[in-house]
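Below is one structure, written out as structure tokens; the observations come after it.
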Amino acid sequence: MDAGEQVTKLKSIFVYPIKSCRPISTPQASLTPNRLRWDRLWMVINSKGRMYTQRVQPKLALIQVDLPPEAFSPAWIPNQTSFLVINGPGMNALKIPLAVPSAVADGVSVWEWSGSALDEGDEAANWFSHYIGKPSRLVRFDESSAYRPVNSDYARTHTVNFTDMYPFLLLSQESVNELNEHLSEPVSLNRFRANLIVDGCKPFSEDLWDEIEINGLVFHGGELCDRCKVPTINQETAEMGSEPTKTLMKFRSDKILRPSAQKHQGKVYMGQFMVCTNYSGETGKAIRVGDHVRVLKAFSSYDECIILGSPALPFGTD
């Protein structure tokens, strides 16, 4: 159905420079061909090159990451004094130059993908090894040569860096508010690790958005985000519990959302995966907090939208 008259606003923008660590809340963000600039550009790996995430290392939630404020301006170019600054409980600050490193780490893997990445050196490796308590290294996605397609038949032509699934995750503040009405102890929206937080719509209406426009950029809905156990981790304490997944199962499971489906996987859903469909290097724009979000196309029911999730992999977004 045509829903062009629906208008809401972009309330918050979150960029997650290091996979599974804390985000940066920014009033604006520029786009690259496949994501928000700086989002999930870095990742911590173990001695075998495998990703570390909060699923197995919840204390990653306590790592604070900072970039120069001007890093989120369109066309900004780092210089020799530009750093990614990393802080963690009981740790000294670690500064990572934003200049692209030359050292290569082979055999780096994220879920089904394996390839080479850029190694940020021994100082960073020692910092994360000490913090986690196991041999670790910090790597940067090699944007010049690495290729990692979205792991979904519905967006296979789009690519990502170190994020789990899609380039963008959108969630409304109203959906989080509605969830909290069902909980004895409210949870913060940071549990859901979304990039784009919108405000001014009905709870969970974003589930049915097939196409939206923000400041001239068109985003197409991929599928609903099936949640792994990361939302059960308190992002302020790194403690894991059973909520909000336990409550979401009562009204946000695939069985509830689409009861007529032949098979249910027992997953819960919160947020909408998206891709940008009209980005170009010549016309790419920044998005800003306060921008209007115009719904161009919307589904009429959950029977029309994509509710999948891999039965074999605990995807969500991280």
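For reference, positions follow the sequence shown, starting with 1.
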Quick check for you: to the nearest 0.5 Å, what is the distance between [X] atom [atom1] and [Y] atom [atom2]?
| X | Y | atom1 | atom2 | value |
| --- | --- | --- | --- | --- |
| Thr277 | Leu217 | OG1 | CG | 9.0 Å |
| Tyr52 | Arg137 | OH | CZ | 12.5 Å |
| Glu178 | Arg252 | CD | CZ | 9.5 Å |
| Ile307 | Leu224 | CD1 | CG | 5.0 Å |
| Met43 | Phe141 | CE | CZ | 9.0 Å |
| Trp209 | Ser205 | CH2 | OG | 4.5 Å |

Does some side-chain heavy atom of [Y] sit less than 4.5 Å from a side-chain heavy atom of [X]?
| X | Y | result |
| --- | --- | --- |
| Val230 | Arg55 | yes |
| Met274 | Leu169 | no |
| Trp38 | Ile24 | no |
| Thr159 | Val150 | no |
| Leu84 | Pro17 | yes |
| Ile86 | Leu138 | yes |
| Ile96 | Glu120 | yes |
| Arg50 | Asn46 | yes |

**Item:** Residue pair Leu196, Leu10: steps toward the side-chain contact (heavy atoms from CB on, under 4.5 Å) verdict
**Value:** CA-CA 7 Å; Leu196 310 176; Leu10 189 58; 4.0 Å; yes
Taking all non-hydrogen atoms of both residues into account, name the closest pair between [X] and [Y] and its distance.
| X | Y | result |
| --- | --- | --- |
| Arg193 | Gln235 | NH1-OE1, 3.5 Å |
| Gln28 | Ile13 | CA-CD1, 4.0 Å |
| Ser73 | Ser30 | O-OG, 4.2 Å |
| Pro101 | Leu118 | CG-CB, 3.7 Å |
| Gly216 | Asn278 | O-ND2, 2.9 Å |
| Val160 | Pro167 | CG1-N, 3.6 Å |

**Asked** Taking the six-membered ring for Trp, are Tyr16 and Phe14 parallel (under 30°), tilted (30 to 60°) or perpendicular (over 60°)?
**Response**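 Because their plane-to-plane angle lies in the 30° to 60° range, the rings of Tyr16 and Phe14 count as tilted.
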**Request:** Kindly assign one of parallel, tilted or perpendicular to the pair Phe273 and Tyr166, based on the angle between their ring planes and the thresholds 30° and 60°.
**Result:**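 Ring orientation of Phe273 relative to Tyr166: parallel.
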Would you say [X]'s side chain and [Y]'s backbone share a donor-acceptor pair under 3.5 angstrom?
| X | Y | result |
| --- | --- | --- |
| His220 | Asp210 | yes |
| Glu206 | Ser172 | yes |
| Glu223 | Cys225 | no |
| Arg37 | Leu31 | no |
| Ser47 | Pro135 | no |
| Asn234 | Ala238 | no |
| Thr157 | Ala155 | no |
| Ser129 | Ala125 | yes |
| Ser20 | Gln54 | yes |
| Ser175 | Phe204 | yes |

Near [X] [atom1], under 6.0 Å, is it more than 12 heavy atoms from other residues, nucleotides or ligands?
| X | atom1 | result |
| --- | --- | --- |
| His264 | NE2 | yes |
| Asn92 | CG | no |
| Gln80 | CD | no |

Is there a path of hydrophobic side-chain contacts, each under 4.5 Å between heavy atoms of I/L/V/M/F/W/Y residues, joining [Y] to [X]?
| X | Y | answer |
| --- | --- | --- |
| Ile256 | Tyr302 | no |
| Val44 | Phe83 | no |
| Ile63 | Met240 | no |
| Val108 | Val56 | yes |

Output yes when [X] and [Y] qualify as a salt bridge under the 4.0 Å nitrogen-oxygen rule, no when they do not.
| X | Y | answer |
| --- | --- | --- |
| Lys19 | Asp318 | no |
| Arg288 | Asp291 | no |
| Arg148 | Asp142 | no |
| Asp119 | Arg140 | no |

**Request:** Please confirm whether Phe219 and Phe168 have ring centers closer than 6.0 angstrom.
**Result:**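 Centroid distance Phe219-Phe168: below 6.0 Å, so yes.
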**Request:** Take Asn87 and Val85 through the side-chain contact (heavy atoms from CB on, under 4.5 Å) test and state the conclusion after the steps.
**Result:** CA-CA 7 Å; Asn87 284 280; Val85 181; 3.8 Å; yes
Which pairs of donor and acceptor atoms, one on a side chain in residues 183-192, lie under 3.5 Å apart (sequence neighbours left out)?
from   : atom 1 : to     : atom 2 : distance (Å)
Ser188 : OG     : Asn190 : N      : 3.3
Ser188 : OG     : Asn190 : OD1    : 3.3
Asn190 : ND2    : Glu236 : OE2    : 2.9
Arg191 : NE     : Ile233 : O      : 3.4
Arg191 : NH1    : Pro231 : O      : 2.8
Arg191 : NH1    : Glu243 : O      : 3.3

**Asked** Are Phe72 and Trp76 close enough, and set up right, to give a side-chain contact (heavy atoms from CB on, under 4.5 Å), and what steps lead you there?
**Response** CA-CA 7 Å; Phe72 300 100; Trp76 180 78; over 6 Å; no
For residues [X] and [Y], is any side-chain donor paired with an opposing acceptor at under 3.5 Å?
| X | Y | result |
| --- | --- | --- |
| Tyr269 | Asp207 | no |
| Asn161 | Asn34 | yes |
| Trp111 | Asp164 | yes |
| Asn177 | Glu181 | no |
| Thr53 | Gln57 | no |

**Item:** Test applied, side chain to side chain contact (heavy atoms under 4.5 Å, CB included); reference residue, Phe162; option that passes from Leu41, Ile18, Val139
**Value:**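 It is Val139, the one option of Leu41, Ile18, Val139 that forms the side chain to side chain contact (heavy atoms under 4.5 Å, CB included) with Phe162.
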**Prompt:** Should Lys267 and Asp226 be marked as a salt bridge (Lys or Arg N to Asp or Glu O under 4.0 Å) after you check the CA-CA gap, both sets of side-chain angles, and the distance that decides it?
**Reply:** CA-CA 6 Å; Lys267 292 180 176 290; Asp226 57 306; 3.4 Å; yes
**Request:** Verify side-chain contact (heavy atoms from CB on, under 4.5 Å) between Ile212 and Arg294, making sure each step is shown before the conclusion.
**Result:** CA-CA 5 Å; Ile212 64 172; Arg294 184 165 177 255; over 6 Å; no
